[in-house]
Amino acid sequence: MNIDKILPFAKNLLKKAIKPGDVVVDATLGNGYDTVFLAELVGESGHVFGFDIQEEAIVASKERLTLQSLSERVTLFHSGHEQLSQLIPGNYHGTVSGTIFNLGYLPGSDKAIVTRPETTIAAIEQLLEISKPEGIIVLVIYHGHKGGAEERDSLLTYCRQINQKRAHVLQYQFINQQNSPAFIIAIEKI
Ligand code: SAM
């Protein structure tokens, strides 16, 4: 298949926006796979700030980072991403070049603990303030689970009204697949 699938497309957007030495955010740590990817992109001189509300996700991410000797370039917050502008030190505000959100629930864990539209939107608003110009926010939207359709619709409504002078907003989606396939919204700050 020549068309990029959803996750490779998301990674390519981040690869393009993030350079060694950058400051980036993993808004939904989960098992830490994206954090490792981001930590490799920013290199030794860069930094990743990661957020999750589940202790399990913090533990899993910490273990994965330790195994790969990447812990020093990552700060993990056991806290919701809606707190990010309070928790990321002020000297980094205006410098964030890339953020990833993997929405929905943590695979293999409690399916009732899911991301929610109000907190996701609050975090995007904060990221639009603390990102640098051309900084990118990538949302991978899973919407097949309970509450997923509501989150999808709220996010689409919110993202469609972002002023085009404030950000470029893209939707990337396969439109002939069954069973609520994941899709991407990418937001690039202007
Ligand atoms: N990116 C992860 C990975 O590489 O394994 C998968 C993330 S998983 C689909 C979604 C995660 O979002 C869950 O671990 C869940 O606990 C977390 N979450 C839910 N609400 C959150 C919030 N308000 N702030 C931060 N994380 C949240």
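No hydrogens, no waters, no symmetry mates; every other heavy atom, side chains included, goes into these values. Both ligands and their constituent atoms are indexed starting at 1 by order of listing.
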Identify the protein atoms, limited to N or O, that lie within less than 3.5 Å of an N or O atom of ligand 1, and list each pair with its distance to 0.1 Å.
residue  : atom   : partner : partner atom : Å
ligand 1 : 1 (N)  : T28     : O            : 3.1
ligand 1 : 1 (N)  : D34     : OD2          : 2.9
ligand 1 : 4 (O)  : Y33     : N            : 3.3
ligand 1 : 4 (O)  : D34     : N            : 3.3
ligand 1 : 5 (O)  : N31     : N            : 2.9
ligand 1 : 14 (O) : D52     : OD1          : 3.4
ligand 1 : 14 (O) : D52     : OD2          : 2.7
ligand 1 : 16 (O) : D52     : OD1          : 2.6
ligand 1 : 16 (O) : Q54     : NE2          : 2.8
ligand 1 : 23 (N) : H81     : NE2          : 3.4
ligand 1 : 23 (N) : E82     : OE1          : 3.0
ligand 1 : 24 (N) : H81     : N            : 2.8
ligand 1 : 24 (N) : H81     : ND1          : 3.1

Practice problem: Please identify each residue that fulfils ring pair (Phe, Tyr, Trp, His ring centres under 6.0 Å) with F37, with sequence neighbours left out. | Solution: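 With neighbours one apart ignored, the set is empty.
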Quiz prompt | Other cluster members, I113 - Ile/Leu/Val/Met/Phe/Trp/Tyr, side-chain contacts below 4.5 Å | solution =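 Joined to I113, directly or through intermediates: I53.
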Quiz prompt | Y105: hydrophobic cluster co-members (side-chain, 4.5 Å) | solution =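 Answer for Y105: V114.
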For the side chain of [X] and the backbone of [Y], is there at least one donor-acceptor N/O pair under 3.5 Å apart?
X: Q126; Y: E82; answer: yes
X: H143; Y: P181; answer: yes
X: K189; Y: S131; answer: yes

